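Protein chains get the first letters and strands the later ones, always in sequence-line order, with residue 1 at the start of each. The model shown is predicted, which means the values in this text are computed figures rather than measured ones.
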Amino acid sequence: MVKNLVIVESPAKAKTIERFLGKDFLVKSSFGHVMDLSKKQLGVDIEHDFMPNYEISSDKKKIVSELKKLSKEAKTVWLASDEDREGEAISWHLANALKLDENKTKRIVFHEITKTAITEAINNPRNIDIDLVNAQQARRVLDRLVGFELSPLLWRKVKPALSAGRVQSVAVRLIVEREEEIKNFKSISNYRITADFKIASQNGIKLLKAELPKRFAKKEDALEFLNKCKAAEFSVASIEKKPAKKSPAAPFTTSTLQQEASRKLGFSVGNTMRVAQKLYESGKITYMRTDSVNLSNLALSTAKKEISSLFGENYVKIRKYKTKAKGAQEAHEAIRPTFINVHKIEGDNAGQKLYNLIWKRTIASQMSDAILEKTNVSINISTTKEKLVAKGEVIKFDGFLKVYLESGDDDNSETQKGILPPLSEGEKLNLQELIGVEKFSLHPPRYSEASLVKKMEELGIGRPSTYAPTISTIQKREYVIKEDRDGKERKFNFLSLKNDQISEIEKIEKTGYEKSKLFPTDIGTLVNKFLVQYFENIINYNFTAKIEKEFDEIAEGHKIWNEMIKNFYSPFHSQIEDTLEKSKKFSGEKLLGKHPETDKNIFVKIGRYGPMVQLGDTDIEEKPKFAGLRNGQSIETLTLGDALDLFKFPRNIGSYEDEEMSVAIGRFGPYVKHKSLFYSLAKTDEPTTIQTERAIEIIEEKRKKIRESIIKEFKEDTDIKVLKGRWGPYISYNKKNFKIPKTTKPETLTLDDCKKIIKSSGTKTSAKKTPVKKTVTKKVAAKKISTKKTTKKVAVKK
DNA sequence: CAGTGAGCGAGCTTCCGCTTGACTT
């Protein structure tokens, strides 16, 4: 029998702690929350003080029964989940789910995973902090109420299966509003003057680049300035040197890791988290979901030792960083290498790169400032009062720059600073060329996944564990899309003064190229418009900050959680009912124009399956004609001509093997239909012009591919086939797929072998799937909006 | 994967945060 059972949140943490505690302690993990509001229903009893209806999560049943068994045998159960709001609730849920005896249950917390910290925690147990738990209940219930009342409203007013929530809807709003800003942005141009001087030095001719601090709004003004400089003499007016310093950035949190991995390694937010998770599980880094910039004393002292031995003692500067993030809960350390003396690790490329980034950032954070010397050279022009300026920067002491420099979001800074050639005051300068370039002002940048995370963190919306999932949700719902967009060509004027000659030419540059940026879709834009119109108070940028304050008051015991929820819910629910009653269907309908031949109206709007065009009105007897928009088309930019093209489908394009072929646009793009089979067109095919010959080619290509994917067929039973797929060979039967055991060669399979595999795996998958499938529900969520529900209550400990 | 769209109505969809694997055609 084990005397002591310790329960933590993560299995990797459990393993480490067990090493410190010795054989009297068994350390297990709960894998996060084990209980949650019921999945299908609202899970909150509005009639009875918002009593939550908790259930053991379906994927946690196994672990809960195991922990229950172990806890019965143990003399003392130590609940060691994190010290924040969610962690406290996890302990409370464990106490309820495992039916723990209060007398043998102890709650402990530790901030560092070291023997001393853990022993100290064991020596100072406390009880579950019910105020903190209540703050979590309030958070959970509010999110459920908002999500489960707003979403059904969207199903009825906009489109089925949509979703809205306190966090995701604000994330979408940020992207939609940024796009509007960009659309309304008016780029203005001005003229930037730069000069290149030739400087003779010992090592040959060097170039000195200088700039006029002032810009000219008009081309004429820039030309006039160039003219003035035609016969001018240039000389150094003054040389000014100023010391400056740069400090390292704080160690990584989840959000800053995601940003830097995106900028420096090109990782998506989700990819960064997957790679980090692996590093954590193999013990190479500390926990990767954190909002803390704090490093443990142990980490600080190893960093100090490491820096001294690598670079010398003058490179060490131990620093304590303070978090700036709103609502940070700081249950963990910053993200750092577990062993700071390990510079490089084995493993896959992505893991090594990310580890390296984390190592450098951690080390740099404890290094001295870089000392710089900035030089400003002012240059006289004999024919005008204006002065040119040349800027240089020299690193006097590199400090932390030896290992790491944080990247910025806009990496296209124009002025490159470096070492200036040797100059002296009064020195005459030899002009090579004076240039005036037309520059256009830039619209605010679109969000990338990482810069959206940064913005959300600033607003206090979402948590380290949800940044990546939220970003994937809003893409899965097709509110936003991540994509590259080609730039456009733009003309600009280029003026030059060289050898006393002024020339003026028009050049072309490419502008507006976007790589992996987030764009709102038509649906995202429409849903946002609906929510801003009717629920601005909920998707307001300050809403989360406001309720977080109240959650804090609950945690401090100054406020009762269900009273707070009641104060929120009454007006919110009336708002839902009002909107349900008063607002019309929100389809974003727009009249594009009239059909040139039939004179019928043509509309563009969001339908049941997304954006579409409609030919003819709905209130007349004749049924209107519909067609979905094609990939890449949007309600915003669709023209009447585009709409007319869409109504040309299905197009008959001749016949093949005595059957007709037609081309149309479907849910998954353009296709050829032949003998009631579908063949997708290639991206290079244009469905409006494609002809018989090419269509036959497409059909034959597909047939060939299918033939090639067959490994084995059986004459006795044509339903069963052994096929080659993306993940290797598999058995196909009745449109279902079955895995082939790795030990058997697919070519050697007989029909009986296949039937056996189908039978054995068939029972397994069905056994797994049946409990997930829902049983019987009596009421429909969409209708529940304005009706009272009956939920079974589960006893909740006060 | 599946190639729709009004209206009728049944039955479905949905939130945020805390954790990992199992699984994909």
Take atom CE of Met661(A) and atom P of dG3(B), then tell me their distance rounded to the nearest Å. 21 Å
Let me know the distance between CD of Gln41(A) and C1' of dT13(B), rounded to the nearest Å. 15 Å
Consecutive Watson-Crick or G-U pairs in runs of at least 3, all under 3.5 Å, in which DNA chain B is involved: none
Hey, can you pull the donor-acceptor pairs under 3.5 Å for the side chains in residues 603-616 of chain A, sequence neighbours left out?
residue: Lys605(A); atom: NZ; partner: Glu589(A); partner atom: OE1; Å: 3.3
residue: Lys605(A); atom: NZ; partner: Gln614(A); partner atom: OE1; Å: 2.9
residue: Gln614(A); atom: NE2; partner: Gly616(A); partner atom: O; Å: 2.9

So which nucleotide from dG5(B), dG3(B), dC16(B) ends up closest to the side chain of Asp143(A)? dC16(B)
Ignoring hydrogens, what is the shortest heavy-atom contact between Leu646(A) and Gly628(A)? Give both atom names and the distance. CD2-O, 3.7 Å
Output the single nucleotide from dT4(B), dC18(B), dC1(B) whose closest atom is nearest the side chain of Arg667(A). dT4(B)
Determine if Phe148(A) stacks with dC15(B); use a centre-to-centre distance below 5.5 Å and an interplanar angle below 30° as the criteria. no
Parallel, tilted or perpendicular for His573(A) and Tyr569(A), by the 30°/60° rule? parallel
Classify Pro469(A) by what it touches in the nucleic acid, base, sugar-phosphate, or nothing, heavy-atom distance under 4.0 Å. nothing
Name all residues meeting the salt bridge (charged side-chain N to carboxylate O under 4.0 Å, His left out) criterion together with Asp36(A); count only those two or more places apart in sequence or in a different chain, and write none if there are none. Arg140(A)
Contacts to DNA chain B from residues 273-282 of chain A, heavy-atom cutoff under 4.0 Å, which residues? Gln277(A), Tyr280(A), Glu281(A)
Separation of dT25(B) C1' from Leu723(A) CG (nearest whole Å): 9 Å
Which parts of residues 702-712 of chain A get close to DNA chain B, meaning a heavy atom less than 4.0 angstrom away? none
Answer yes or no: side-chain N or O of Arg139(A) and base N or O of dC16(B) forming a donor-acceptor pair under 3.5 Å. yes
Check every strand shown and say whether Gly87(A) touches a base, only sugar-phosphate, or nothing at a heavy-atom separation below 4.0 Å. nothing
Considering only dG17(B), dT19(B), dG5(B), which nucleotide approaches the side chain of Phe31(A) most closely? dT19(B)
My understanding is that only residues two or more places apart in sequence, or in another chain, count here; which of them pass side chain to side chain donor-acceptor pair (under 3.5 Å) with Ser465(A)? none
By nearest-heavy-atom nucleotide on DNA chain B, the more 5' of Arg166(A) and Arg289(A) is Arg166(A)
Please list, chain by chain and in numerical order, all residues satisfying side-chain contact (heavy atoms from CB on, under 4.5 Å) with Thr521(A), sequence neighbours excluded. Ile481(A), Ile523(A)
Taken in chain and number order and not counting sequence neighbours, the residues that satisfy side chain to side chain donor-acceptor pair (under 3.5 Å) with His332(A) are Asp82(A)
For nucleotides dA2(B) and dA22(B), find the distance between their P atoms and express it as a whole number of Å. 28 Å
Provide the full list of side chain to side chain donor-acceptor pair (under 3.5 Å) pairs with a residue in residues 664-674 of chain A, sequence neighbours left out, each pair given once. none
Can you tell which of dT19(B), dG17(B), dA2(B) lies closest to the side chain of Asp82(A)? dT19(B)
For Val27(A), give me all partners under side-chain contact (heavy atoms from CB on, under 4.5 Å), at least two apart in sequence or on another chain. Val6(A), Val8(A), Ala14(A), Ile17(A), Glu18(A), Leu21(A)
Is there a donor-acceptor contact under 3.5 Å linking the side chains of Glu660(A) and Asn652(A)? yes
Can you find an N or O donor on one side and an acceptor on the other, under 3.5 Å apart, linking the side chain of Arg140(A) with the base of dC15(B)? yes
Just jot down the side chain to side chain donor-acceptor pair (under 3.5 Å) partners of Lys590(A), sequence neighbours excluded, or say none. none
Counterpart residues, side-chain contact (heavy atoms from CB on, under 4.5 Å), relative to Arg477(A) (two or more places apart): Ser163(A), Thr473(A), Tyr479(A)
